[in-house]
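First the proteins, then the strands, lettered A, B, ... as listed; each starts at 1.
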Protein chains: 2
Amino acid sequence: MHHDSEEALDRVFMALADKTRRQIVHLVAEKERTISELSAPFDMSMAAVSKHVKILEKAKILQRRVDGRIHYCTLAPEQLAPALDWVSIYRNFWQQRLDTLDDLITPANDNT
Amino acid sequence: MHHDSEEALDRVFMALADKTRRQIVHLVAEKERTISELSAPFDMSMAAVSKHVKILEKAKILQRRVDGRIHYCTLAPEQLAPALDWVSIYRNFWQQRLDTLDDLITPANDNT
DNA sequence: TCAATACTTAACCAAATGGTTGAATATCTA
DNA sequence: TAGATATTCAACCATTTGGTTAAGTATTGA
């Protein structure tokens with residue numbers, strides 16, 4: 001019973017589990033980037049960066065627009081939302097723990 | 001220079017990039033669980049589940065308390081926070097996109 | 001003390017990851 | 001048309017991942 005959504009989460013979390021790919025996400029979040037531009041900061045071949053981009057693309061974290069021989073990449077953040085949602089479920093859990101700790105230190109506070 | 005925090009993110013995202021481990025997180029979030037209890041729902045050996053638990057433990061998503069021969073596992077959600085924070089950076093990005101789309105549909109106000 | 005219980009560890013395996021280099025493809029430009 | 005540019009693809013390699021089974025280590029309890 002491997003739902004699509006589970007596989008999507010697999011791909012998104014796996015895509016984010018690499019420093020190079022997280023930096024690529026930062027770069028494309030700033031502005032549209034070509035593969036060359038994305039390769040420049042990294043001490044690896046363009047072919048390697050091309051693979052990283054493909055992984056992010058398959059995870060639908062990044063989208064590609066091809067114009068002639070140039071591939072322009074932008075953030076496609078809609079698939080980050082489910083990942084955020086998944087982790088967010090546990091926010092209450094640790095917020096509660098922190099709140100409990102906070103109450104011990106400074107009674108009477110407000111938040112959110 | 002691979003910061004500790006980058007390696008921590010690697011470990012956390014990698015740990016979450018597996019359906020079995022995500023289900024284990026759900027189970028330990030509900031209540032404290034033994035390895036046997038965590039193994040029961042899955043069609044794999046206890047040794048395999050033991051490995052999954054170790055991966056979650058190293059990522060500091062789960063913590064273990066040993067009492068005699070029984071290992072009790074609970075959620076240790078503090079390491080999920082950095083992961084959530086990382087993804088959250090891009091929430092504004094897609095919120096903005098949705099807002100922009102919204103503006104196109106209902107042009108009421110302007111902004112930068 | 002002896003066997004069952006609750007685990008981990010070790011050795012192994014197939015498949016996936018993350019990199020390489022070199023060739024292929026397609027496009028731009030002189 | 002030829003050559004430079006932008007990028008992918010293919011083949012390869014070492015390491016990691018995710019599973020197995022079998023053996024090892026404590027611990028419990030009869």
Side-chain angles (χ1 to χ4, degrees), chain A residues 1-2 6-28 31-74 76 83, chain B residues 1-2 6-28 31-74:
Chain A
M1 309 284 186
H2 226 34
E6 292 293 342
E7 286 168 17
L9 280 176
D10 282 359
R11 279 191 296 270
V12 170
F13 283 129
M14 185 280 232
L16 297 181
D18 180 277
K19 193 195 180 188
T20 301
R21 285 194 294 265
R22 287 196 300 274
Q23 290 187 257
I24 290 175
V25 170
H26 276 304
L27 291 171
V28 296
K31 59 172 186 149
E32 200 173 55
R33 305 279 188 172
T34 68
I35 305 292
S36 296
E37 285 167 3
L38 290 176
S39 297
F42 301 106
D43 187 22
M44 65 179 71
S45 67
M46 190 189 286
V49 171
S50 174
K51 281 192 189 179
H52 283 305
V53 167
K54 187 183 283 186
I55 287 169
L56 289 166
E57 194 181 13
K58 284 195 175 151
K60 294 178 185 167
I61 294 173
L62 176 154
Q63 63 193 19
R64 186 192 304 246
R65 169 175 71 84
V66 180
D67 183 15
R69 61 187 165 178
I70 301 181
H71 295 219
Y72 295 96
C73 300
T74 55
Chain B
M1 292 299 178
H2 230 28
E6 291 294 341
E7 287 168 17
L9 280 176
D10 282 359
R11 280 190 297 271
V12 169
F13 283 128
M14 186 279 229
L16 297 181
D18 181 278
K19 192 193 179 187
T20 301
R21 286 194 294 266
R22 287 195 301 274
Q23 289 186 258
I24 290 174
V25 170
H26 276 304
L27 291 170
V28 297
K31 60 172 186 151
E32 200 172 56
R33 305 279 188 172
T34 67
I35 304 293
S36 296
E37 286 168 0
L38 291 176
S39 297
F42 300 105
D43 187 24
M44 65 180 73
S45 66
M46 190 189 286
V49 171
S50 175
K51 280 192 189 180
H52 283 307
V53 167
K54 188 184 281 185
I55 287 169
L56 288 166
E57 194 181 14
K58 284 199 175 146
K60 293 181 185 164
I61 293 173
L62 176 155
Q63 63 193 20
R64 185 192 305 247
R65 170 177 70 85
V66 180
D67 183 16
R69 61 187 164 177
I70 301 181
H71 294 219
Y72 295 96
C73 300
T74 54

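In this structure, A:Met14 reaches the sugar-phosphate backbone alone: every heavy-atom distance under 4.0 Å involves primed, P, OP1 or OP2 atoms, never a base.
Considering only side-chain N and O atoms, B:Ser50 lies nowhere under 4.0 angstrom from the phosphate OP1 or OP2 of C:dC7. For the pair A:His71 and D:dT8, the criterion of a side-chain N or O lying under 4.0 Å from OP1 or OP2 is met. Within the structure, every side-chain polar atom (N or O) of A:Lys51 is placed at least 4.0 Å from both OP1 and OP2 of D:dC9.
None of B:Arg65, B:Arg21, B:Arg64 except one satisfies the salt bridge (Lys or Arg N to Asp or Glu O under 4.0 Å) rule with B:Glu57; the exception is B:Arg64.
When side chains are defined from C-beta on, A:Met46 counts as touching A:Ile35, because their heavy atoms get closer than 4.5 Å.
DNA chain D lies under 4.0 Å from at least one heavy atom of each of the following residues of residues 31-45 of chain A: A:Thr34, A:Ile35, A:Ser36.
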Pairs under 3.5 Å (N/O, protein and nucleotides 1-3 of chain C):
none

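For B:Ile70 and A:Ala48, each mapped to the nucleotide of DNA chain C holding its nearest heavy atom, the one lying further toward the 5' end belongs to B:Ile70.
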Do nucleotides 22-30 of chain D as a string where each nucleotide becomes B, S or -: B if the base has a protein heavy atom under 4.0 Å, S if just the sugar-phosphate does, - if no protein is that close.
-----BS--
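To the nearest 0.5 Å, the span separating CG on B:Leu38 from NE2 on B:His52 amounts to 11.5 Å.
Among D:dG18, C:dA6, D:dT7, the nucleotide with an atom closest to any side-chain atom of A:Arg64 is D:dT7.
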